[in-house]
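The structure appears below as C-alpha cells.
Proteins come first, then strands; the chains are lettered A, B, ... in the order of their sequence lines, and each starts at number 1. This one's a predicted model, so the numbers in the text were calculated from it and none came from an experiment.
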There are 2 protein chains.
Amino acid sequence: MKRGVTDRAMPSGQGRFPKRVEAMLDAADAACAAHGARLTPLRRQVLGLVLESDQPIGAYALLDRLKESRTGAAPPTVYRALEFLLERGFVHKVERLNAFIGCHSATAPHDHDDHDHAHTVQFLICGKCGRVQELEDESVRSALANAASRAGFAPGRMTVEVEGVCRDCG
Amino acid sequence: MKRGVTDRAMPSGQGRFPKRVEAMLDAADAACAAHGARLTPLRRQVLGLVLESDQPIGAYALLDRLKESRTGAAPPTVYRALEFLLERGFVHKVERLNAFIGCHSATAPHDHDDHDHAHTVQFLICGKCGRVQELEDESVRSALANAASRAGFAPGRMTVEVEGVCRDCG
DNA sequence: GTCAGTCTGTTACCTTATAACGCATGAAGC
DNA sequence: GCTTCATGCGTTATAAGGTAACAGACTGAC
C-alpha cells in the first residue's frame, strides 16, 4: 500500500554503501548472475547491511536498519533475505550469537562457485571484545570430515565456533 | 516429535529415573561433591530429564516435564539449572537445535576432573532422523586449537557441529 | 496477454531466553 | 541465641529470535 516506488529507486535506503561494500555487492551480484540466481534490491540491501557491519549482527538489528528505508519491513523480510544469502554462502550464521556475518571469501571479487568452502568455515569469537574472526582451515575441515566418516556419518554443513581471547585482548 | 515407546519406561515425573540414569546422576553427584558444588534436587531432576531423553531436548520441553512434578516451574527454573549443568559439563547445548543433551563422558562412573574434554566435544546431527551422536575426537580438537593459535587466538570452549546423514539413514 | 513461478508485504503467532525482585535456607562468625 | 552473607529458587514480566500462512506484485516464457 504505502509501498510506492521507493525500492525501485535502487539506492539502498537513503544512500549507498561504502565503496568496499559496494564492491563486494557487485561481486555477489556477478556470482548470482553466473548461477541464475537473483540478487534482488532487497537481498542486496540486506547483504550490504551485513557486510557494512563487519561484526556479527542480529536479525532484528538488521530489521531496524532496514526499516529506515523500508517502512513495511517485518521479520520475514529479513529472514527470507538471510535464507537466500545463507544458501548462497554470502553470509554465515554464528550460532552461539544468533547473529549473521558476511563471508569474505564468498564476496571476494574473483570468487567462484561451488567447491563449498561455504560449508567449512570456522569462527573465532573473542569473549572480551566480542569480535569475530573468520578462519578457513583445511586441516580442521579434513580432521572433522575424517572423524565423521569414521563414525559412519556422511558430513554436510559444519559449524565450528571457538570462544576464546583474541590477540588484541590477550 | 515422536513419543517413543521406550521412554515410557519410568514415570520420571515425581519418582525416580531408570537405573542407567540414576547411576549417571550418582556419578554427577559424586563429581559435584568432589568440587564443592551442589547437585540440588532440582538440578538433579533436570539433569535426569536430559539424560533420560538420550536425544537433544529443548528447554521448554524440559520445562513441561518438570511441571508434572513442580507446579511452580517457570523458564528461569529450567535455565538456571541448565546453566549450572552446562558449566559443570554434565550437559551440552547443541546450538543448531537450541537443545540440550547429556554429556556421557562427564557422567560416566569413573569420570574425573578437569582436563576439559567437556569443552571439546563434537556433535554429528543426522538431517534425516534427527539423532545426534557425540564424538570426542582428539585430532579435531588439536587441529582446531592449532589453527586458533596460529591466528593469535587463545582457544576456550569449542562448538563443533556437523550436519549430515548417519549410518542408519545413509 | 496470460500463465506459472518467484519475490515481497502483511498479519499473526510461536519459541527461546533473560531481567528483576523477593523469600527461604544454611553455613560462618560473634 | 542472633546477625550476616551467600546461594538457590519462586514468580512475574518481558525481551529476543524465528515461522506460518495468505495475498498481491513482479518476471520471464510462451
Spacing between A:D64 atom CG and D:dA16 atom C1', to the nearest angstrom
11 Å

Whole-Å gap separating C1' (D:dT7) and CD (B:E83)
13 Å

When you measure from the side chain of B:R70, which nucleotide among C:dA17, D:dC9, D:dG8 comes out closest?
D:dC9

Ignoring backbone atoms, establish whether B:K93 has a side-chain N or O less than 4.0 Å from OP1 or OP2 of C:dT16.
no

Holding to salt bridge (charged side-chain N to carboxylate O under 4.0 Å, His left out), I want the full list of residues that pass it with A:D64, two or more places apart in sequence or in another chain.
none

What residues, two or more places apart in sequence or in another chain, satisfy ring pair (Phe, Tyr, Trp, His ring centres under 6.0 Å) together with A:F123?
A:H92

From CG of A:L47 over to P of C:dC7, roughly how many Å is that when rounded to an integer?
16 Å

Name the nucleic acid region contacted by B:R80, choosing base, sugar-phosphate or nothing; use a 4.0 angstrom heavy-atom cut-off, strictly under.
base

Determine whether more than 12 heavy atoms belonging to other residues, nucleotides or ligands lie under 6.0 Å from atom CZ of A:R131.
no

Between C:dT6 atom P and A:R88 atom CZ, what is the distance in whole Å?
12 Å

In Å, rounded to the nearest 0.5 Å, how long is the span from SG of A:C166 to CD of A:Q133?
8.0 Å

For B:Y79 and C:dT18, is the gap between ring centres under 5.5 Å while the planes differ by less than 30°?
no

In whole angstroms, how far is the P atom of D:dG18 from the CG atom of B:N98?
7 Å

